[in-house]
Engineer: 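I have a structure here, written as structure tokens, and I will follow up with some questions on it.
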Amino acid sequence: MLRVLLRRRKRPLSAEDVTVTDRPAVRRAVSAAALGNTMEWFDFGVYAYLAGTLGKVFFPSSSPGVQVVSTFATFAAAFLVRPLGGLVFGPLGDRIGRQRVLAATMIMMAASTFAVGFLPSYNTIGFAAPILLLICRLVQGFSTGGEYAGATTYIAEYAPDTRRGFLGSWLDFGTFVGYSLGSGLVTVLTAVLGDDGLVDWGWRLPFLVAGPLGLIGLYMRLRLEETPAFQREAEQAHHDAEEVRAAGGQDPVEEARQSGRGRLKEIFTRHWQAVLICMGLVLLYNVTNYMVTSYLPTFMTETLGEDALTAQLLVLGTMIVVALTITTVGRTSDRWGRRPVFMAGSAALIALAVPAVLLIRVGGILAPAFGCLILGLLLVCFAGTSASTLPALFPTRLRYGALSISFNISVSLFGGTTPLFVSALVQATGSDMIPAYYLMAAGVIGLIATFFLHETAGKPLRGSGPMVETEEQAHQLVARSRAEAGRRARDVWIRLRHPWARH
């Protein structure tokens, strides 16, 4: 009994265990990480809104329906290489640091998006044109494989425990601002140039904007420092290695754990439950996300026959609503917890997907606007919470790699392929309710994943000490920990002296 009681005792926190965050550094971290997401989703917004136009430019000999499917197939191809990017960049970020990997992904992402604007059309060089488009998309997908997981990890490891939801939500705020900027630019070009002007040359302009955006993002990321959590982990690993060398050599077991293969084995053997939960939550978020952002404009124009400008404005308005409410959802998750937000959003998605799509089918302005608004408010439940929830699933030494692999496998299989699968199913079945059924299935999977999710709001990240905003909060946390340790010690003493007493 004595051994059991002593094993349950926890060492009280000391001042060295608590990290006091630097507010300017936190602001820089959030801004630089969010800008990378803005850049990534600017490209997605442009690509989604130009799907019909790109089909005419790169697949002119196909029917309109086949053009759309071909364009989304090229879009989905980028997601097939995202797990490869996650396998490369994720473990690398755990070994050499988050900041350097994020700078590398920014360079690759900006350069490949910028290059799309210079591609010749099918009429100019024939079949080589869609091949070049595919290569650019593959480079984008490979770099993106290390982008979102790295950005969420970076913000999570800088944020105070009690504000991780709010600060993490700014990352996805950048997502929807980027999408809104990209889609808004295409909407303006559509109104000014018309369909013929877009097909001739106007489609290039949005991609060329990626160059200046990428340079700004790279400058901001090169000015960043490493996260406090990674610095502590690196110092501890260096200290352990020095002790091993001083004792007479390298421990083969520890050497295997530190290798890339050893880390991958540890992720899938010791953290497989967290991997599955992460994949379920990512599926929920990304199926909803890509359904609204990438497929909905094409669904309304190509399937329902809506005017292109009307469809673009409806989805753009939805994205603006999401961007305006996302930080409120993040702050709410800090107060009420991540699980309640995910649970409520999943249940609402199951219940409201069909009514939302039915409203969009009505046509006109008012009913589709309500349908889009419903989908946007469902999406923001997941978007405002994911960046603070997913990094907390894994310990510091494996966080970037485990999150990159789990996130990108799920996005590749279920998220990024959503426009392709849904458009193909609509064309094969002739049913324009397929998007609703697809969303309901995602809601069921998300509900199951949330059921197994442990609450992490207000708690330190796994493998890291507490993060607070002020020295006063640090002193209060240490004092509270010592008081709790004293109560536990007293409890142990009472149980030893009076083992028959009920407590």
Side-chain angles (χ1 to χ4, degrees), residues 30-54 75 109-110 113 116 140 144 147-148 151 168-192 198 202-203 205-214 216-217 285-286 288-301 306 308-330 360 365 368-384 386-387 415-416 418-419:
V30 172
S31 300
L35 186 60
N37 249 29
T38 301
M39 168 77 206
E40 176 186 349
W41 279 88
F42 176 87
D43 167 60
F44 286 149
V46 168
Y47 202 92
Y49 270 50
L50 286 177
T53 301
L54 293 176
F75 179 81
M109 193 163 48
T113 304
V116 173
Q140 289 170 338
T144 305
E147 172 60 34
Y148 185 83
S169 66
W170 284 99
L171 179 67
D172 288 279
F173 173 83
T175 293
F176 295 102
V177 167
Y179 184 91
S180 299
L181 290 174
S183 56
L185 179 57
V186 174
T187 302
V188 171
L189 291 174
T190 302
V192 173
L198 279 180
W203 65 270
L205 296 178
F207 294 105
L208 297 178
V209 174
L213 279 178
I216 295 171
Y285 174 23
N286 281 272
T288 311
N289 192 12
Y290 289 108
M291 184 73 75
V292 176
T293 59
S294 298
Y295 180 67
L296 198 54
T298 304
F299 174 68
M300 287 192 284
T301 55
E306 289 284 344
L309 186 59
T310 300
Q312 291 172 355
L313 288 173
L314 286 173
V315 178
L316 176 59
T318 304
M319 293 302 98
I320 292 173
V321 170
V322 172
L324 291 175
T325 56
I326 193 168
T327 55
T328 301
V329 174
I360 293 171
I365 296 291
F370 275 113
C372 291
L373 180 62
I374 290 172
L375 293 179
L377 293 177
L378 293 172
L379 172 59
V380 80
C381 292
F382 317 131
S386 290
T418 294

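All values reported here derive from a predicted model rather than from experimental measurement.
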Engineer: According to side-chain hydrogen bond (donor to acceptor under 3.5 Å, both in side chains), who are the partners of Thr175, at least two apart in sequence or on a separate chain?
Structural biologist: Asn37
Engineer: Measure up the Phe173 and Trp170 rings against each other and bin them: parallel (under 30°), tilted (30 to 60°), perpendicular (over 60°).
Structural biologist: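 Taking Trp170 first and then Phe173, their aromatic rings stand perpendicular (interplane angle over 60°).
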Engineer: Kindly compute the distance separating OG1 (Thr190) from CG (Leu198), expressed to the nearest 0.5 Å.
Structural biologist: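 If I round to the nearest 0.5 Å, the distance is 4.5 Å.
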Engineer: List the atom of Pro297, the atom of Ala311, and the distance in Å for their closest heavy-atom pair.
Structural biologist: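 The pair with the smallest heavy-atom distance is O-CB, 4.1 Å.
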Engineer: Find out whether Leu309 and Leu313 are in side-chain contact, i.e. whether some heavy atom of one side chain is under 4.5 Å from a heavy atom of the other.
Structural biologist: yes
Engineer: Over all heavy atoms of both residues, which pair between Cys372 and Thr318 is shortest? Give the atoms and the distance, please.
Structural biologist: CB-OG1, 3.1 Å
Engineer: Does any N or O in the side chain of Thr38 come within less than 3.5 Å of the main-chain N or O of Gly174, such that one atom is a donor and the other an acceptor?
Structural biologist: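 Indeed, once roles are kept as given, a pair shorter than 3.5 Å links the two residues.
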Engineer: Can you sort out the partners of Thr113 under side-chain hydrogen bond (donor to acceptor under 3.5 Å, both in side chains), two or more places apart, ordered by chain and number?
Structural biologist: Gln140
Engineer: At what distance, to the nearest 0.5 angstrom, does CG of Asp172 lie from OG of Ser386?
Structural biologist: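 Separation between the atoms: 6.5 Å.
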Engineer: side-chain contact (heavy atoms from CB on, under 4.5 Å) with Ala110: which residues, sequence neighbours excluded?
Structural biologist: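 Expected list: Met39.
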Engineer: Do Pro206 and Leu189 come within less than 4.5 Å of each other through their side chains, counting heavy atoms only?
Structural biologist: yes
Engineer: By ring-ring contact (aromatic ring centres under 6.0 Å, His included), which residues pair with Phe382, not counting sequence neighbours?
Structural biologist: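 Testing Phe382 for ring-ring contact (aromatic ring centres under 6.0 Å, His included), a comparison that skips the adjacent residues, returns none.
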Engineer: Indicate yes or no: at least one non-hydrogen side-chain atom of Leu324 is less than 4.5 angstrom from one of Phe176.
Structural biologist: no
Engineer: Quick one: list whatever passes side-chain contact (heavy atoms from CB on, under 4.5 Å) with Thr310, sequence neighbours left out.
Structural biologist: Glu306, Asp307, Leu314, Ile365
Engineer: Mind checking whether Thr288 and Leu375 have side chains closer than 4.5 Å, heavy atoms only?
Structural biologist: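 No, side chains not in contact.
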Engineer: Sequence neighbours left out, what passes side-chain contact (heavy atoms from CB on, under 4.5 Å) with Ala34? Give chain and number order.
Structural biologist: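 Testing Ala34 for side-chain contact (heavy atoms from CB on, under 4.5 Å), a comparison that skips the adjacent residues, returns none.
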Engineer: Hey, what do you get for CG (Leu181) to CG (Leu185), rounding to the nearest 0.5 Å?
Structural biologist: 8.5 Å
Engineer: How about Val321 and Leu373: do any of their side-chain heavy atoms sit closer than 4.5 Å?
Structural biologist: yes
Engineer: How long is the span from the CG atom in Leu379 to the CE atom in Met319, to the nearest 0.5 Å?
Structural biologist: 5.5 Å
Engineer: Evaluate the side chain to side chain contact (heavy atoms under 4.5 Å, CB included) criterion for residues Val292 and Val322: first the C-alpha distance (whole Å), next the side-chain angles of each, then the deciding distance (0.1 Å), finally the verdict.
Structural biologist: CA-CA 11 Å; Val292 176; Val322 172; over 6 Å; no
Engineer: Quick one: list whatever passes ring-ring contact (aromatic ring centres under 6.0 Å, His included) with Phe42, sequence neighbours left out.
Structural biologist: none
Engineer: Compare every heavy atom of Ser169 with every heavy atom of Gly384, then report the nearest pair and how far apart it is.
Structural biologist: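 Smallest interatomic distance, heavy atoms only, reads O-CB, 3.7 Å.
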Engineer: Sequence neighbours left out, what passes side-chain contact (heavy atoms from CB on, under 4.5 Å) with Ala33? Give chain and number order.
Structural biologist: Ala151, Ile155, Leu171
